[in-house]
Amino acid sequence: MKLRYYPETDSLYIEFKPTPGTETREVADGLNVDLDAAGEVVGFDVDHASKILDLTTLETESLPLRNAAGI
């Protein structure tokens with residue numbers, strides 16, 4: 001998963017997988033979901049991110065992380 005902030009558009013993109021999106025659907029005002037050819041979620045785009053999210057803090061909880069060796 002990758003988080004990318006674009007200050008020129010004030011949008012936050014949350015990428016779940018590096019597959020190209022083939023369709024975008026607005027699921028709420030300012031929240032778009034990108035889908036791949038199979039209809040699976042590729043990522044979310046949050047418009048006006050700095051106005052609705054606290055971008056100064058990133059927290060993770062209970063993620064099954066692997067170390068650099070893949071263990």
Side-chain angles (χ1 to χ4, degrees):
M1 179 188 310
K2 294 180 183 177
L3 300 174
R4 292 188 184 110
Y5 176 69
Y6 299 94
E8 63 278 0
T9 59
D10 190 23
S11 63
L12 176 69
Y13 192 75
I14 305 164
E15 179 185 280
F16 294 113
K17 57 184 179 177
T19 308
T22 59
E23 180 182 356
T24 301
R25 294 183 189 169
E26 186 175 37
V27 294
D29 189 35
L31 178 62
N32 298 297
V33 62
D34 288 334
L35 306 171
D36 64 13
E40 295 182 359
V41 176
V42 173
F44 285 98
D45 188 30
V46 182
D47 295 334
H48 311 292
S50 69
K51 293 178 177 69
I52 58 174
L53 302 171
D54 178 3
L55 299 177
T56 63
T57 304
L58 175 63
E59 276 186 48
T60 59
E61 291 186 23
S62 303
L63 291 178
L65 301 177
R66 297 182 305 187
N67 65 21
I71 300 173

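All values below come from the heavy atoms of this structure, side chains included, with hydrogens, waters and symmetry mates left out.
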| request: Only counting residues at least two apart or in another chain, list the ones meeting side chain to side chain donor-acceptor pair (under 3.5 Å) with E23. | output: R25
| request: Output all residues satisfying side chain to side chain donor-acceptor pair (under 3.5 Å) with T22, sequence neighbours left out; order by chain, then residue number. | output: none
| request: Over all heavy atoms of both residues, which pair between L55 and Y5 is shortest? Give the atoms and the distance, please. | output: CD1-CE1, 3.6 Å
| task | Taking all heavy atoms of S11 and all of T9, pick out the closest pair and write down the distance. | result | OG-OG1, 2.9 Å
| query | Applying the 4.5 Å side-chain criterion to the ILVMFWY set and letting contacts propagate, would Y13 and V27 be lumped into a single cluster? | reply | no
| Any residue meeting side chain to side chain donor-acceptor pair (under 3.5 Å) with S62, in chain and number order, not counting sequence neighbours | none
| said: Any heavy-atom pair between the side chains of T19 and E40 that's under 4.5 Å? | reply: no
| said: Are the side chains of I14 and F16 in contact, using a 4.5 Å heavy-atom criterion? | reply: yes
| field | Considering all heavy atoms, the nearest V41-K17 contact | value | O-CE, 3.6 Å
| message | Can you list everything that forms a side chain to side chain contact (heavy atoms under 4.5 Å, CB included) with E61? Sequence neighbours excluded, please. | response | E59
| For D29, which residues count as a side chain to side chain donor-acceptor pair (under 3.5 Å) partner, sequence neighbours excluded? | none
| Are M1 and L58 co-members of a hydrophobic cluster defined by side-chain heavy atoms under 4.5 Å apart? | yes
Side-chain donor-acceptor pairs under 3.5 Å in residues 42-51, sequence neighbours left out?
unit_1 : atom_1 : unit_2 : atom_2 : d
S50    : OG     : D10    : OD1    : 3.0
S50    : OG     : D10    : OD2    : 2.9

| field | Shared hydrophobic cluster for V33 and L53 (ILVMFWY, side-chain gaps under 4.5 Å) | value | yes
